[in-house]
Number of protein chains: 2
Amino acid sequence: MNRLTGKIHLDFHSGEPLYLQIARQVQLLVLGGELALGDQLPTVRELATELRINFNTVSRAYRLLHEDRLISTQRGRGTYIWEQPTEESLHQLRKISLEELSRDYLVQVTRLGCTPAEALDELNRILSTGDLTDTPEDDGISFDS
Amino acid sequence: MNRLTGKIHLDFHSGEPLYLQIARQVQLLVLGGELALGDQLPTVRELATELRINFNTVSRAYRLLHEDRLISTQRGRGTYIWEQPTEESLHQLRKISLEELSRDYLVQVTRLGCTPAEALDELNRILSTGDLTDTPEDDGISFDS
DNA sequence: TAAACAATGATACAATCATACAATAAATCA
DNA sequence: TGATTTATTGTATGATTGTATCATTGTTTA
């Protein structure tokens with residue numbers, strides 16, 4: 001038993017892929033407030049058993065939601081509702097996080113025994129060589145049908 | 001309270017395994033001299049409780065560091081800093097770690113949606129305003145379960 | 001019809017957690 | 001003092017959870 005039990009319904013004849021049905025319905029539940037920040041979702045196997053489908057299909061739905069930052073999937077731990085930041089809070093978050101990240105970086109560099117100047121040099125070196133392994137980043141999903 | 005309290009920060013969303021995050025950060029603290037030969041690390045259970053994870057995950061991190069001869073874990077006794085790296089290996093590790101730290105920083109910044117230029121600006125701003133000593137140390141949202 | 005593609009399933013795997021255990025130290029008691 | 005118990009420490013083993021990879025199935029398309 002969990003907060004999703006009985007709340008996901010699949011239509012095997014609708015033509016809409018199962019993983020999209022799941023993702024869409026979870027999204028609606030979050031937007032509707034039935035699932036709150038930090039709530040744990042059923043495991044992929046639990047939900048799959050309940051819906052009588054393969055757990056990889058649930059996993060695919062969860063992956064979509066994870067990429068949209070609606071949920072947080074953590075191997076070995078489980079799946080949890082993730083905060084969906086508004087555009088504004090996102091902007092705010094960005095500023096704060098950049099400062100935190102930067103301070104953290106400087107602290108760690110200092111711990112290493114390096115000077116900030118060396119750090120900036122290193123950053124510029126990396127940037128100039130330009131082979132910063134790129135993170136692909138979200139392609140997002142649209143639930144238009 | 002111990003010499004590690006508050007100095008290990010986990011990112012549950014980064015995708016980097018928790019045990020690697022712990023091992024890496026402990027290594028940095030040793031390299032930075034904040035942990036010295038003979039210092040006792042928190043017990044696996046202490047650190048696990050603080051980080052709200054299972055103590056076996058901490059144990060795995062400690063095992064890595066033990067295999068690297070950086071710490072000495074002794075059943076029934078505890079975990080201690082084992083050997084202080086030589087100046088030479090320290091120098092080597094510093095170079096590698098500085099590059100790792102810097103790349104990591106750039107990746108995270110990019111993930112935030114900021115440009116490297118903005119990051120460098122922020123770093124310079126922090127450096128010009130002075131003190132790194134008082135970092136607010138807020139890790140934002142956590143998904144305790 | 002055959003090739004290409006998308007959705008789903010099967011299998012093996014990696015990270016984390018839960019539980020029971022073993023080694024050491026500290027406390028207790030005869 | 002010396003044996004025994006208790007608490008604390010790290011370890012071993014297996015279960016749980018999500019992921020990667022490829023196979024299978026059905027549909028679309030050339």
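Every chain is numbered from 1, with letters handed out A, B, ... down the list of sequences.
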- Query: For the residue pair B:Y105 and A:Y105, does the interplanar ring angle fall in the parallel (under 30°), tilted (30 to 60°) or perpendicular (over 60°) class?
  - Reply: parallel

Taking [atom1] from [X] and [atom2] from [N], how many angstroms apart are they, rounded to a whole number?
X     : N      : atom1 : atom2 : value
B:L64 : D:dG10 : CG    : C1'   : 15 Å
B:R75 : D:dT11 : CZ    : C1'   : 5 Å
B:F12 : C:dA15 : CZ    : P     : 16 Å
A:H13 : C:dA7  : NE2   : P     : 18 Å
B:Q21 : C:dA15 : CD    : C1'   : 12 Å
B:F55 : D:dT9  : CZ    : P     : 12 Å
B:E16 : C:dT16 : CD    : P     : 10 Å
B:R52 : C:dA18 : CZ    : C1'   : 19 Å

- Query: Of the nucleotides C:dC17, C:dA12, C:dA14, which has the atom closest to the B:N54 side chain?
  - Reply: C:dC17

- Message: Please pick, from D:dT9, D:dT19, C:dT16, the nucleotide with the shortest atom-to-atom distance to any side-chain atom of B:P17.
- Response: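 For B:P17, the side-chain atoms sit closest to C:dT16.
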
- Query: Considering only heavy atoms from C-beta outward, does the side chain of B:P42 approach that of B:E50 to under 4.5 Å?
  - Reply: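 They are not in contact (no side-chain heavy atoms under 4.5 Å apart), so the answer is no.
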
- Want to settle it: does B:R60 or B:R45 sit nearer the 5' end of DNA chain C, counting the closest nucleotide to each?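 Residue closer to the 5' terminus by nearest nucleotide: B:R60.
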
If you compare every side-chain N and O of [X] against the phosphate oxygens of [N] (OP1, OP2), does one of them come in below 4.0 Å?
X     : N      : result
A:T57 : C:dG9  : yes
B:Y19 : C:dT16 : no
B:T73 : D:dG10 : no
A:T79 : D:dG18 : yes
B:R63 : D:dG10 : no

- Task: List the steps and the verdict of salt bridge (charged side-chain N to carboxylate O under 4.0 Å, His left out) for A:E100 and A:R103.
- Result: CA-CA 5 Å; A:E100 279 182 5; A:R103 281 188 180 276; over 6 Å; no

- Task: Please identify each residue that fulfils ring-ring contact (aromatic ring centres under 6.0 Å, His included) with A:Y62, with sequence neighbours left out.
- Result: none

- Query: Which value, rounded to the nearest 0.5 Å, describes the distance between A:L123 atom CG and B:L123 atom CG?
  - Reply: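 Reported to 0.5 Å precision, the distance equals 6.5 Å.
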
- Item | Base C:dT19 to side chain B:N56, donor-acceptor N/O within 3.5 Å cut-off |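 By the distance-only test, yes, there is a pair.
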
